[in-house]
Asker: 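Once you've had a glance at the structure underneath, I'll fire off some questions.
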Amino acid sequence: HVEESGGGSVQAGGSLTLSCAISGWPNIRYCMGWFRQRPDKSREGVATIDTDGGSTYADSVKGRFTASRDKAANTLDLQMHSLSVEDTAIYYCAAHDKGVCQLRADLFNDWGRGTQVTVAS
């Protein structure tokens, strides 16, 4: 089970932190990721982080977003800074245990319901 929290509205240039909690996973080694779906766009990868802390980011968020993972608590946060209107989207947390940790939605098989982030100009 995956559940996101922390979405909301913010002014452009502002910051927001999303949190994700995962439960019920018997495999302790798994990839966690953040994806988003902007209005009239397909779902896209934002960031992934593996069990060892290795992370990958989409070019559009590099330098602005930071993913951090607490293995003991099975949580994943996404700190978002310098937000722009283009970051407005529904953000989804997801997980899988297929070994490869990449920004590919097809790898992930456990998804949260999403949380809305709205950035006003």
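Every value quoted in this text rests on a predicted model; they were computed, and no experiment measured them.
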Asker: Let me confirm one number: the OH-CD distance from Tyr91 to Gln116, rounded to the nearest 0.5 Å.
Answerer: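 Answer for the OH-CD pair, Tyr91 versus Gln116, is 9.5 Å.
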
Asker: Any salt bridge (charged side-chain N to carboxylate O under 4.0 Å, His left out) pairs touching residues 10-19, not counting sequence neighbours?
Answerer: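 Listed once each, the pairs would be none.
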
Asker: Taking all non-hydrogen atoms of both residues, which atom of Arg69 and which atom of Thr51 are closest, and how far apart?
Answerer: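 So the minimum-distance heavy-atom pair works out to NH1-N, 3.4 Å.
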
Asker: Using modelled atom types only, decide if a donor and an acceptor are shared between the side chain of Thr88 and the backbone of Val119 within a distance under 3.5 Å.
Answerer: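 Checking the backbone N and O of Val119 against the side chain of Thr88, a donor-acceptor pair under 3.5 Å is found.
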
Asker: State the CD-CG distance between Gln102 and Asp50, to the nearest 0.5 angstrom.
Answerer: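 Rounded to the nearest 0.5 Å, the CD-CG separation comes to 11.0 Å.
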
Asker: Side-chain donor-acceptor contacts of residues 3-13 below 3.5 Å, not counting sequence neighbours, with atom names and distances?
Answerer:
unit_1 : atom_1 : unit_2 : atom_2 : d
Glu4   : OE1    : Arg113 : N      : 3.2
Glu4   : OE1    : Gly114 : N      : 2.9
Glu4   : OE2    : Cys93  : N      : 2.9
Glu4   : OE2    : Gly114 : N      : 3.1

Asker: How long is the gap from OG1 on Thr66 to CE on Met80, to the nearest 0.5 Å?
Answerer: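 Between Thr66 OG1 and Met80 CE, I get 11.0 Å after rounding to 0.5 Å.
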
Asker: Among all residues two or more places apart in sequence or in another chain, which pass the salt bridge (Lys or Arg N to Asp or Glu O under 4.0 Å) test with Asp77?
Answerer: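 Expected list: none.
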
Asker: Please assess Leu18 against Phe65 for the test side chain to side chain contact (heavy atoms under 4.5 Å, CB included), listing each intermediate value before the final yes or no.
Answerer: CA-CA 11 Å; Leu18 305 181; Phe65 291 12; over 6 Å; no

Asker: If you round to the nearest 0.5 Å, how far is OG1 of Thr75 from CG of Asp70?
Answerer: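 The distance works out to 4.5 Å.
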
Asker: Using the test side chain to side chain contact (heavy atoms under 4.5 Å, CB included), find all partners of Ala58 that sit at least two apart in sequence or belong to another chain.
Answerer: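 Once residues adjacent in sequence are excluded, the partners of Ala58 under the side chain to side chain contact (heavy atoms under 4.5 Å, CB included) criterion are Ser60, Val61, Leu103.
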
Asker: Looking only at non-hydrogen atoms, find the nearest pair between Gln37 and Lys41 and report the distance.
Answerer: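 Looking at all heavy atoms of both residues, the closest pair is NE2-O, 3.2 Å.
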
Asker: Which value, rounded to the nearest 0.5 Å, describes the distance between Leu76 atom CG and Ser68 atom OG?
Answerer: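 Leu76 CG to Ser68 OG: 7.0 Å, rounded to 0.5 Å.
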
Asker: Which residues, ordered by chain and number, are linked to Leu107 in its hydrophobic cluster, where ILVMFWY side chains connect at heavy-atom gaps below 4.5 Å, directly or through other members?
Answerer: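 Hydrophobic cluster check, Leu107: joined to Phe35, Ile90, Tyr92, Val100, Phe108, Trp111.
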
Asker: With salt bridge (charged side-chain N to carboxylate O under 4.0 Å, His left out) as the rule and sequence neighbours excluded, what pairs involving residues 80-92 come up?
Answerer: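 As it turns out, the salt bridge (charged side-chain N to carboxylate O under 4.0 Å, His left out) pairs with a partner in residues 80-92, which skip direct neighbours, are Arg36-Asp87, Arg38-Glu86, Arg64-Asp87.
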
Asker: Measuring from His96:NE2 to Asp106:CG, what's the distance to the nearest 0.5 Å?
Answerer: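 If I round to the nearest 0.5 Å, the distance is 9.0 Å.
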
Asker: Which heavy atom of Val2 sits nearest a heavy atom of Ala94, and at what distance?
Answerer: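 That would be CG1-N, 4.4 Å.
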
